[in-house]
Amino acid sequence: MNKFGKLCIATAIAGMGTAVMAQEQVIKIGHIGPVSGPQAHFGKDDENGVRMAIEELNAKGMVIAGKKIKFVLVAEDDVADPKQGTAASQKLCDDKVAGAVAFVNSGVAIPSSKVFNDCGIPMITGAATNPDLTKPGWNTTYRVIANDNALGAALATYAAKDLKLKNVAVIDDRTAYGQGLANVFKKDAEKQGIKIVANEFTNDKATDFMAILTSIKAKKPDAIFYGGMYGQAGPMLRQMAQLGMNDVKMFGGDGICVTELAKVAAGAKPLENVVCADGGASIAKMPGGTEWKKRYDAKYPGQFQVYSPYFYDATHLLADAMKRANSWDPKVYIPFLQKSDFQGVTSKIAFEKNGEMKNPSYTLSRYVNGAKTPIEQK
């Protein structure tokens, strides 16, 4: 073969390589969460779940519309602040992400959901639980975990029916999450005959609760319901011990229902009396939880909190909808997302018309020797 022939073949091969490379399509998936600040444990855990799902999707290889897909994570920090959350949401819109898996805090998720709706990008949360998030009924807003209506009602029922409590004090941190959850609990508790003997509030950065607790102690409650996060619940438990309130129970939602609570409570005796609720089943009861947790721990040792499997599932859910739609264009694949029937690690995921999960489950837990331990699941 002459030099001209070899050159033609080489050129043709090079051209084929370029054509193959040109078939790769980058699809951006956004994540927003508090990866710095006092709630960074949650934010980093959630981002790990998204990253893990993306790495697995890329390793398996996915073809959509004849193109090999490469998913890329675009991550932003909201520091649990609504203003930073909405700014981060707009940034993801400007970056033209195809979808977002985002938010620990309802107070950040609710205003940010409007930003995503305005730019037509679907957003799935695996942690923000205030029912107001899905009230507008936008086809861009989804949740893959039980909301506060389910958690607050479950805690109220357990307090009234199982523990036979009569008098409960309520404290909330004035956030959309904390106040919303406390209101649900109060409403359901009163329906079941529990008397609310005090209704106090603090903020999500406070660490001194002595004045509030001293006032509450005088009213002799059987329990305190705290609507807020573990960063405040831990010091509150320590100060309850200082005031001799060791027999008073503490109830709370998923914001306190984490392994970190035991560390922040630093051995305070009232930790033994905590009853908390989080959405979904315990890892051991999830369809793929045990095997998934082994892979997660190998990749991110010591970082698991609670929400990462939901963020992992939500990422796969977006990819599944794109695959079924044969498109990564949100306008095309959103109707397929709405009609999801996806078997995830956490559960079988299908949505109501407003983006809430059909048949969400929850778990009630307590702390035994400092370890979060399930006591009831539904």
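The residues Glu55 and Arg51 are annotated as not salt-bridged, no charged nitrogen and carboxylate oxygen being separated by less than 4.0 angstrom. A salt bridge is defined here as a Lys NZ or Arg NE, NH1 or NH2 lying under 4.0 Å from an Asp or Glu carboxylate O, and Asp94 with Lys91 fails to meet this definition. The residues Arg174 and Asp172 are annotated as salt-bridged, a charged nitrogen and a carboxylate oxygen being separated by less than 4.0 angstrom. Between Glu47 and Lys44, no side-chain nitrogen of the basic residue sits less than 4.0 Å from a carboxylate oxygen of the acidic one, so the salt-bridge criterion is not met. Under 4.0 Å is where a charged nitrogen must lie from a carboxylate oxygen, and between Lys70 and Glu24 no such pair does. Between Lys28 and Asp95 there is no salt bridge, since no side-chain nitrogen of the basic residue lies less than 4.0 Å from a carboxylate oxygen of the acidic one. No salt bridge links Lys83 with Asp81; every basic N to acidic carboxylate O contact stays at or beyond 4.0 Å.
Note that CD1 of Ile171 is 5.0 Å distant from CD1 of Ile224, once rounded to the nearest 0.5 Å. Taking CG of Asn273 as the start and CG of Asp222 as the end, the distance is 11.5 Å to the nearest 0.5 Å. If you take OG on Ser308 and CD1 on Ile283, they are separated by 7.0 Å, rounding to the nearest 0.5 Å. In this structure, SG on Cys276 lies 5.5 Å from NZ on Lys372, to the nearest 0.5 angstrom. Atoms CD and CG, on Glu190 and Asp188 in that order, are 10.0 Å from each other to the nearest 0.5 Å. Expressed to the nearest 0.5 Å, how far CH2 of Trp138 lies from CG of Asn117 amounts to 5.0 Å.
The hydrophobic clustering, which links ILVMFWY residues whose side-chain heavy atoms are closer than 4.5 Å, places Ile145 and Val101 together. A single hydrophobic cluster is not seen to contain both Tyr226 and Val197; linkage of ILVMFWY side chains at heavy-atom distances under 4.5 Å, directly or through other members, places them apart. Taken together through direct or relayed side-chain contacts under 4.5 Å among Ile, Leu, Val, Met, Phe, Trp and Tyr, Leu73 and Tyr312 form part of one hydrophobic cluster.
Arg295 places no side-chain N or O within 3.5 Å of a backbone atom of Met52 that could act as its donor or acceptor partner. The closest donor-acceptor contact from the side chain of Thr175 to the backbone of Gly178 lies under 3.5 Å. Here the side chain of Lys217 pairs a donor or acceptor atom with the backbone of Leu243 at under 3.5 angstrom. Panel note: side chain Lys339, backbone Ile334; no donor-acceptor pair is recorded below 3.5 Å. A donor-acceptor pair is defined here as one N or O able to donate and one able to accept, closer than 3.5 Å; no such pair exists between the side chain of Thr86 and the backbone of Pro111. Formation of a donor-acceptor pair under 3.5 Å by the Ser340 side chain with backbone atoms of Leu337 is found in this model. Using a distance-only test at 3.5 Å, with no hydrogens or angles considered, a donor-acceptor pair links the side chain of Asn203 to the main chain of Ala206. A donor-acceptor distance shorter than 3.5 angstrom exists from the side chain of Thr373 to the backbone of Ala371, with no hydrogens or angles considered. Side chain of Asn130 to backbone of Gly180: no donor-acceptor contact under 3.5 angstrom is found. Using modelled atom types, no side-chain atom of Asp46 and backbone atom of Phe311 make a donor-acceptor pair closer than 3.5 Å.
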Dump the intermediate steps for side chain to side chain donor-acceptor pair (under 3.5 Å) on Ser327 and Asp329, then the final yes or no.
CA-CA 5 Å; Ser327 174; Asp329 182 345; 5.1 Å; no
How far apart are the C-alpha atoms of Ser36 and Asp77, what are their side-chain angles, what is the distance that settles it, and do they pass the side chain to side chain contact (heavy atoms under 4.5 Å, CB included) test?
CA-CA 7 Å; Ser36 65; Asp77 184 8; 2.5 Å; yes
Report the C-alpha distance between Asp204 and Met229 in whole Å, list the side-chain angles of each, state the deciding distance to 0.1 Å, and finish with yes or no for side chain to side chain contact (heavy atoms under 4.5 Å, CB included).
CA-CA 7 Å; Asp204 61 349; Met229 307 298 282; 5.8 Å; no
Before you tell me yes or no, could you show the steps for Thr207 and Gln232 under side chain to side chain donor-acceptor pair (under 3.5 Å), namely the whole-Å CA-CA distance, both residues' side-chain angles and the distance that decides it to 0.1 Å?
CA-CA 6 Å; Thr207 54; Gln232 284 63 53; over 6 Å; no
Given side chain to side chain contact (heavy atoms under 4.5 Å, CB included), test Val275 with Met250 step by step and report yes or no.
CA-CA 6 Å; Val275 177; Met250 176 184 281; over 6 Å; no
CA sep, side-chain torsions, deciding dist, call: Asn354, Tyr142, side chain to side chain donor-acceptor pair (under 3.5 Å):
CA-CA 8 Å; Asn354 65 352; Tyr142 300 86; over 6 Å; no
Lys186 vs Asn183, side chain to side chain contact (heavy atoms under 4.5 Å, CB included): CA-CA, chis, key distance, verdict:
CA-CA 5 Å; Lys186 281 191 296 184; Asn183 287 340; 3.4 Å; yes
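Taking 4.5 Å as the limit, some side-chain heavy atom of Pro309 sits within range of a side-chain heavy atom of Phe304. Leu317 is listed as a side-chain neighbour of Ile349, based on a closest heavy-atom distance under 4.5 Å. The shortest side-chain heavy-atom distance between Asp208 and Gln239 falls under the 4.5 Å cut-off. Counting only heavy atoms from C-beta outward, the side chains of Asp313 and Tyr310 never approach each other to under 4.5 Å. Annotation: side chain of Val108 is in contact with side chain of Pro82 (closest heavy-atom distance under 4.5 Å). Lys269 has its side chain out of reach of Met240: every pair of non-hydrogen atoms, C-beta onward, lies at least 4.5 Å apart. Looking at heavy atoms from C-beta onward, Ser112 lies out of side-chain contact with Met123 at the 4.5 angstrom threshold. Counting heavy atoms from C-beta on, the side chains of Gln338 and Asn139 come closer than 4.5 Å.
Shortest non-hydrogen contact noted between Pro287 and Val345 is CD-O, 3.3 Å. Ala233 and Leu261 get closest at one heavy-atom pair: CB-CD1, 3.8 Å. Contact between Ala265 and Leu237 at its shortest, heavy atoms only, is CB-CD1, 4.0 Å. Minimum interatomic distance between Gln192 and Ala153 (heavy atoms only, all atoms of both residues): NE2-O, 4.5 Å. The shortest non-hydrogen separation linking Phe336 to Ala325 is CD1-CB, 3.3 Å. Nearest heavy atom pair, residue Pro374 against residue Ser365, reads CA-OG, 3.7 Å.
The aromatic ring centroids of Trp328 and Tyr333 lie 6.0 Å or more from each other. Between Phe351 and Phe342, the gap from one ring centroid to the other reaches at least 6.0 Å. In summary, the aromatic rings of Tyr307 and Phe42 are positioned with their centroids under 6.0 Å apart.
Heavy atoms of other residues, nucleotides or ligands lying less than 6.0 angstrom from OH of Tyr300 number more than 12.
Here the options are Asp278, Asp148, Asn149, the test is side chain to side chain donor-acceptor pair (under 3.5 Å), and the partner is Thr129; only Asp148 passes. Remark: of the listed residues Tyr158, Phe251, Phe185, Phe185 is the sole one forming a ring pair (Phe, Tyr, Trp, His ring centres under 6.0 Å) with Phe225.
Side-chain contact of Gln39 with Tyr230: a donor-acceptor pair under 3.5 Å is absent, judged by distance alone. Counted by atom type alone, Asp45 and Tyr296 present one or more donor-acceptor pairs between their side chains at under 3.5 Å.
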